Amino acid sequence: NPDSHLIVHNLALACEFSAKYDDAMRYWQETLKRWKANYDRNPADEYLKTCIIEAHRHQSEVAETANEAIAQQRAQ
């Protein structure tokens with residue numbers, strides 16, 4: 001299913017693991033978009049709510065890691 005949030009979420013993780021931070025951030029944004037759409041349809045889903053909150057926090061960490069990687073590259 002091309003609309004599956006699982007595929008996009010896995011792509012975000014794979015890009016992050018591969019240090020492709022721009023792609024990871026794009027996939028995290030798409031994951032959040034899909035999770036939020038699912039949550040809007042089912043606001044009683046506490047697990048999904050927690051996933052959204054944690055994904056926002058994690059997205060900040062990915063951005064910080066990307067900035068650190070850029071700084072290290074420039075220092076070399």
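On a predicted model such as this, the values are computed, not experimentally measured, just so you know. Sequence positions, counted from 1, serve as the residue numbers for this chain. Side-chain atoms are counted along with the backbone in the values below, which use heavy atoms only and exclude waters and symmetry mates.
Annotation for L48 and N38: closest pair CD2-CB, 3.6 Å, computed over non-hydrogen atoms. Shown here for A24 and A12, the closest heavy-atom pair between the two residues is CB-O, 3.7 Å. Contact record, C51 with W35: O-CZ3, 3.5 Å, taken as the closest heavy-atom pair. Closest approach of S4 and R34 over heavy atoms only: O-NH1, 3.2 Å.
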Quick one, W28 with L13, criterion side chain to side chain contact (heavy atoms under 4.5 Å, CB included). Give me CA distance, side-chain angles, the key distance, then yes/no. CA-CA 8 Å; W28 275 114; L13 295 170; 3.7 Å; yes

task = With side chain to side chain contact (heavy atoms under 4.5 Å, CB included) as the test, would you mind laying out the steps for Q59 and H56 before giving the verdict?
result = CA-CA 5 Å; Q59 202 174 18; H56 277 291; 4.3 Å; yes

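The main-chain N or O of K20 is never found under 3.5 Å from a side-chain atom of S18 such that the two would form a donor-acceptor pair.
Taking E61 as the reference, R57, H58 meet the side-chain contact (heavy atoms from CB on, under 4.5 Å) condition, with sequence neighbours excluded. In terms of the side-chain contact (heavy atoms from CB on, under 4.5 Å) criterion, residue partners of N42 (sequence neighbours excluded) are, by chain and number, A44, D45.
Distance check: I52 CD1 to K33 NZ gives 14.0 Å after rounding to the nearest 0.5 Å. Between Y39 atom OH and E46 atom CD the span is 5.5 Å, to the nearest 0.5 Å. To the nearest 0.5 Å, the span separating NE2 on H9 from OH on Y27 amounts to 14.0 Å. The CD1 atom of I70 lies 11.0 Å from the OG1 atom of T65; values are rounded to the nearest 0.5 Å. Between the CG atom of L6 and the OG1 atom of T31 there is a distance of 9.5 Å, given to the nearest 0.5 Å. With rounding to the nearest 0.5 angstrom, the NE2 atom of H5 is 12.0 Å from the CD atom of E30.
Within 6.0 Å of the CG atom in D22, the count of heavy atoms belonging to other residues, nucleotides or ligands does not exceed 12.
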